[in-house]
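First the structure, in the form of structure tokens, and then the observations on it.
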Amino acid sequence: MLLVMKNMVVSVHYELKVEKDGELVTADKSDPSQPLVYIQGSGMLLPDFETNLAGKVVGDTVQFKVSAEKGYGVRNDQDIVSVPLDSFKDKDGNVDTNVIKVGNVLPMMDDQGHQFQGIVNEVTDDTVVMDFNHPMAGKELNFSVTVVDVRPATAEELEHGHVHGPGGHHH
Ligand code: ZN
């Protein structure tokens, strides 16, 4: 029986829950027909994820928590920014109030062309307060993970640093 260890291709089903309004709610979950496939030790996933899976075999289910610090990071007040409302106006000087409204997630781009997302926290007459913290920042992550397949990675997969075939790259 193969153990989850470095350089194994591991297929798992997972469910991620985080606290919301005092309850644990599902934030992310693998598709039942498509497990998450990764190479153990490749750093694709959170280090704590790999650590908790190490030594497990097909059929094992592990439940573990990852602190916010080791997950998506803590929330940072500096990532809450007031943006002039003007920068959201179209050429006619109008603001699309269906888009610029509290709670909406907006795709943004920095001056180097990197895309990221911000959530609208507040809209005033002349500014939009945007929160650029990762939506999962500051949250403890509660994982439940079931191992469904373990196989050795091929030399080619290790060279490329990703999985080939189902759940991975096709090229
Ligand atoms: Zn490849």
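Whatever order the structure lists them in is the order used to number ligands and atoms, beginning at 1.
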Review point. Below 2.8 Å, any N, O or S contact between His164 and the Zn ion (ligand 1)?
Key: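 Under 2.8 Å: His164 contacts the Zn ion (ligand 1) through an N, O or S atom.
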Using the ring of each side chain (for Trp, its six-membered ring), is [X] parallel, tilted or perpendicular to [Y], with breaks at 30° and 60°?
X: His162; Y: His164; value: tilted
X: Phe49; Y: Tyr14; value: perpendicular
X: Phe132; Y: Phe116; value: perpendicular

Point to revise | Shortest-distance N, O or S atom of His171 relative to the Zn ion (ligand 1) | key: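 Of all N, O or S atoms belonging to His171, NE2 is the one nearest the Zn ion (ligand 1).
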Exercise for review: Kindly give the atom name of the N, O or S atom of His160 closest to the Zn ion (ligand 1).
Suggested key: ND1
Review point. What do the steps show when you test Glu23 against Lys17 for salt bridge (charged side-chain N to carboxylate O under 4.0 Å, His left out), and what is the final call?
Key: CA-CA 9 Å; Glu23 273 180 70; Lys17 291 185 176 183; over 6 Å; no
